[in-house]
Amino acid sequence: MPLSHDENQRARLETNARSFRPDPTLERACELWDTDRAAFNRLPRSVISQHDIYRDVRQAWRDARAAGVYTPYTGPDAA
């Protein structure tokens, strides 16, 4: 039996959130993007290049958490 639209949306949210792992360096990059573009532009290219993807995955995780379909990441030993 196919999933309902709501079940499909919830499954999509959970799937998109699974790859999120908090990263202090990228969190700082997101903060600088929002508050200080000059400081953001001085970050290493490797951080800048990951910023957009990290922001999108973090938002997917937040959306899934808000919908109650995914629990917060708690570390490498989390089930």
Side-chain angles (χ1 to χ4, degrees):
M1 176 187 272
L3 296 175
S4 70
H5 178 72
D6 185 54
E7 290 169 328
N8 191 22
Q9 291 296 91
R10 292 171 64 83
R12 183 187 55 78
L13 282 172
E14 182 179 0
T15 299
N16 289 344
R18 285 192 182 276
S19 63
F20 179 70
R21 298 295 180 266
D23 182 299
T25 301
L26 291 170
E27 285 293 329
R28 179 70 177 142
C30 289
E31 179 183 326
L32 290 174
W33 174 262
D34 293 335
T35 62
D36 188 348
R37 291 287 172 92
F40 175 84
N41 290 332
R42 289 190 298 270
L43 292 171
R45 286 281 144 214
S46 60
V47 174
I48 290 172
S49 69
Q50 296 176 49
H51 160 260
D52 287 337
I53 294 168
Y54 181 81
R55 183 183 286 274
D56 291 345
V57 173
R58 181 182 67 176
Q59 188 59 52
W61 175 78
R62 288 177 174 174
D63 292 346
R65 186 174 171 200
V69 297
Y70 195 69
T71 56
Y73 173 72
T74 57
D77 297 329

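Count residues from 1 along the sequence. Keep in mind that the numbers below use all heavy atoms, side chains included, and drop hydrogens, waters and symmetry copies.
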- Query: To the nearest 0.5 Å, what is the distance between CG (D63) and CZ (R58)?
  - Reply: 11.5 Å
- Query: Are R10 and E14 within salt-bridge range, i.e. N to O under 4.0 Å?
  - Reply: no
- For the atom pair NE2 (H51) and CZ (F40), what is the distance rounded to the nearest 0.5 Å? 4.5 Å
- Query: CD/E27 to CG/L32 distance, rounded to the nearest 0.5 angstrom?
  - Reply: 11.5 Å
- Message: Ignoring hydrogens, what is the shortest heavy-atom contact between A17 and A64? Give both atom names and the distance.
- Response: CB-CB, 3.6 Å
- State, to 0.1 Å, how close V47 and L26 come at their nearest heavy-atom pair, and which atoms those are. O-CD2, 3.8 Å
- Item | Euclidean distance, L43 CG relative to T25 OG1, rounded to 0.5 Å | 9.0 Å
- Message: Using a strict threshold of under 4.0 Å (side-chain N to carboxylate O), is an ion pair present between D34 and R55?
- Response: yes
- Task: Over all heavy atoms of both residues, which pair between R21 and Y54 is shortest? Give the atoms and the distance, please.
- Result: O-CE1, 3.6 Å
- Are any side-chain N or O atoms of R37 and backbone N or O atoms of W33, one a donor and one an acceptor, separated by less than 3.5 Å? yes
